[in-house]
Amino acid sequence: MARYIFVTGGVVSSLGKGLSSASLAYLLKSQGYKVRIRKMDPYLNVDPGTMSPFQHGEVFVTNDGAETDLDLGHYERFTNISAKKSDNITTGKIYSDIIKKERKGKYLGKTVQVIPHVTDRIREFIKEDITNEDFVICEIGGTVGDIESLPYVEAIRQFSNEVGRSKSLFIHLTFVPFLKSSDEIKTKPTQHSVKELRSLGIQPDIIICRSQKNIPLDQRKKISLFCNVSIENVIETVDVRTIYEAPISFYNEKLDKQVLKYFKLKPKKKVNLQPWKKITKTVLNTKKVVNIAIIGKYVNLKDAYKSLDEALIHGGINNNVKVNLTRIESDKLKPNQINKILRNVSGILIPGGFGKRGTEGKISAIKYARKNKIPFLGICFGMQMAVIEFARNALKINNAGSSELDKNCYPVVGLLHEWNQDGKLIKGTNKNLGGTMRLGSYEAKLRHNSLVEKIYKSKTIFERHRHRYEVNNNLKNKFENKGMIFSGMSPDNKLPEIIELKNHPWFIGVQYHPEFKSRPLSPHPLFSSFIKAAKFY
Ligand code: GLN
């Protein structure tokens with residue numbers, strides 16, 4: 001039977017619960033155990049799919065097509081275990097399940113309540129779709145004491161009673177501030193946070209103390225005493241120089257050792273920290289810088305393109321360069337300033353996006369990259385914009401556009417039924433096309449001798465999608481005659497997946513999101529190749 005590790009947070013948010021959980025998962029996996037990580041989000045949205053990246057950061061997409069919290073991206077990047085739909089749940093999803101059931105009369109006349117109905121549903125979720133995992137790490141979003149997270153805290157308390165203490169472990173992550181004025185580490189917020197947790201019936205087994213400075217033994221003892229946790233289980237985590245150092249730092253602090261000891265287990269094999277040591281060294285010592293411009297709508301919020309930023313850094317690690325990202329707000333990019341703004345960049349990237357604002361700025365930047373032969377990568381919306389730019393300026397279709405943005409344009413990008421031929425609906429590979437998103441992993445066939453085939457070193461790829469609109473395949477010949485080739489197609493040859501330019505050193509647009517599959521320990525080939533092209537630009 002699986003062992004369950006629950007990770008809660010206290011004092012303040014953004015302490016790095018996701019990174020701590022992901023690091024622990026790596027350490028356990030590396031010692032021979034099968035691990036799953038899940039996230040429980042206390043907000044009322046059914047999934048983060050409709051939430052603005054301004055509010056909640058990036059929406060991460062899993063292979064099986066779930067739109068999930070960006071923490072699942074951290075999990076995947078650190079553990080190389082692909083997350084699934086069943087690894088993220090929100091209060092909105094739980095309530096919507098319960099209300100549907102209630103409407104069908106499934107509660108047989110009972111009063112439907114937070115306890116037991118909501119907590120039961122949370123407990124079901126914790127166990128769902130678990131087979132032969134040794135460990136299931138469940139992170140609870142928010143901070144202990146929030147009204148929203150109360151049902152989760154109650155549910156994990158009940159869960160632990162159900163499976164027994166030998167199969168469940170509580171980790172609490174808190175903040176231990178350093179006060180400059182008195183030159184002191186303060187343990188009081190941790191004491192209060194643990195007190196709050198205990199008042200809800202949970203005694204943490206391990207406390208991870210996030211701190212800017214090393215915590216002296218005396219202070220650790222104090223935390224141990226006041227929080228009723230053995231001294232070895234007071235683990236400190238001091239700010240790391242790069243996130244890739246986190247697994248090393250947690251190993252040095254013996255987090256994994258204490259977890260295994262708790263469950264009376266021994267490592268099945270020796271932990272392998274070498275890859276993390278290697279990339280930490282590369283990240284910290286690399287001097288050569290490559291300037292990449294990301295032109296998008298949500299550039300001011302760092303987490304809005306989390307996986308993308310990570311994938312670019314991975315590409316840099318692979319090429320021994322530091323990637324310096326300049327984020328440019330697309331609606332501030334006026335055509336007459338492009339020269340000046342983009343003069344010093346050696347690669348231009350247009351990420352995924354929705355809606356009209358800023359699109360003309362993106363199109364002007366693409367034209368600049370195409371004409372000046374600057375390495376260009378267009379992702380999803382970025383590929384659609386590249387196709388529109390080419391249609392307007394190379395094919396001279398002046399009103400070329402996307403029906404997402406302008407109903408009266410010539411839709412070189414549109415919904416499938418808008419570009420069907422002879423009144424017949426062209427069926428794509430996904431039966432839901434035409435109204436909903438194409439989500440999750442889909443296959444694409446790569447053209448022989450194309451740049452992408454060389455990059456991927458494969459004829460078939462699987463990548464993750466998140467979009468409604470598609471490039472109009474009816475125009476394929478027109479585009480190809482002018483030098484933009486459709487080098488990746490869906491297996492049925494109906495949906496363009498990749499475009500590239502013949503007369504350009506590196507100009508690629510992809511309909512999918514390669515960033516979701518890049519890992520620090522195995523960088524995505526497309527990003528490595530893009531950064532390499534930028535390095536030699
Ligand atoms: N808005 C575009 C679509 O729905 C692109 C989406 C994206 O970039 N993820 O097709």
Side-chain angles (χ1 to χ4, degrees), residues 47-54 56-63 65-68 70 73 294-299 301 303-309 311 327 330-331 348-363 365-366 376-389 391 400-407 409 411-419 426 428-430 432-442 444 463-473 475 486 488 490 494-499 508-518 526:
D47 62 44
T50 53
M51 282 160 95
S52 158
F54 278 126
H56 198 68
E58 161 192 277
V59 174
F60 187 78
V61 180
T62 58
N63 275 337
E67 297 177 283
T68 68
L70 53 78
I294 299 189
I295 302 169
K297 209 161 67 170
Y298 309 110
V299 288
L301 184 87
D303 276 353
Y305 301 110
K306 188 73 200 157
S307 297
L308 182 62
D309 295 352
R327 299 161 208 273
S330 48
D331 56 351
I348 295 177
L349 192 147
I350 314 261
F354 293 83
K356 196 167 172 63
R357 185 166 68 81
T359 48
E360 291 308 316
K362 292 181 188 174
I363 290 173
I366 295 169
F376 169 81
L377 176 58
I379 294 180
C380 205
F381 202 55
M383 157 170 167
Q384 298 174 354
M385 294 300 114
V387 170
I388 294 170
E389 187 280 318
S402 163
S403 58
E404 175 184 359
L405 317 169
D406 177 4
K407 292 288 166 234
C409 69
V412 291
V413 176
L415 297 172
L416 272 180
H417 65 265
E418 294 167 347
W419 47 270
I426 303 174
T429 43
N430 179 340
N432 288 330
L433 276 182
T436 46
M437 293 254 198
R438 179 143 78 110
L439 280 170
S441 180
Y442 284 87
E463 291 281 9
R464 296 184 198 173
H465 291 246
R466 181 177 182 245
H467 57 101
R468 264 185 203 98
Y469 295 83
E470 305 278 352
V471 170
N472 189 336
N473 191 31
L475 299 164
F486 291 13
S490 60
K494 301 229 163 94
L495 304 174
E497 297 276 13
I498 307 173
I499 54 103
I508 292 177
V510 293
Q511 187 56 78
Y512 48 82
H513 290 269
E515 68 272 26
F516 293 141
K517 284 179 80 171
S518 188
L526 212 49

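Numbering of ligands and ligand atoms starts at 1, following listing order. The figures that follow rest on heavy atoms only: side chains count, while hydrogens, waters and symmetry mates do not. Source: prediction; values computed, not measured.
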Electrostatic pair Glu470-Arg438, nearest N-O below 4.0 angstrom:
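Arg438 and Glu470: salt-bridged.
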
Are Arg466 and Glu67 close enough for a salt bridge, meaning some N to O gap below 4.0 Å?
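Yes.
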
Just to verify, what does [X] make a side-chain contact (heavy atoms from CB on, under 4.5 Å) with, not counting sequence neighbours?
{"X": "Asn63", "answer": "Ser82, Ser441, Arg464"}
{"X": "Ala311", "answer": "Glu515, Ser518, Phe527"}
{"X": "Ala400", "answer": "Ala391, Arg392, Ile397, Val412"}

How long is the gap from CZ on Phe486 to CG on Leu475, to the nearest 0.5 Å?
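The distance works out to 7.0 Å.
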
Using heavy atoms and a strict 4.0 Å limit, residues surrounding ligand 1 turn out to be Gly352, Gly353, Phe354, Cys380, Phe381, Gln384, Glu404, Arg466, His467, Arg468, Tyr469, His513

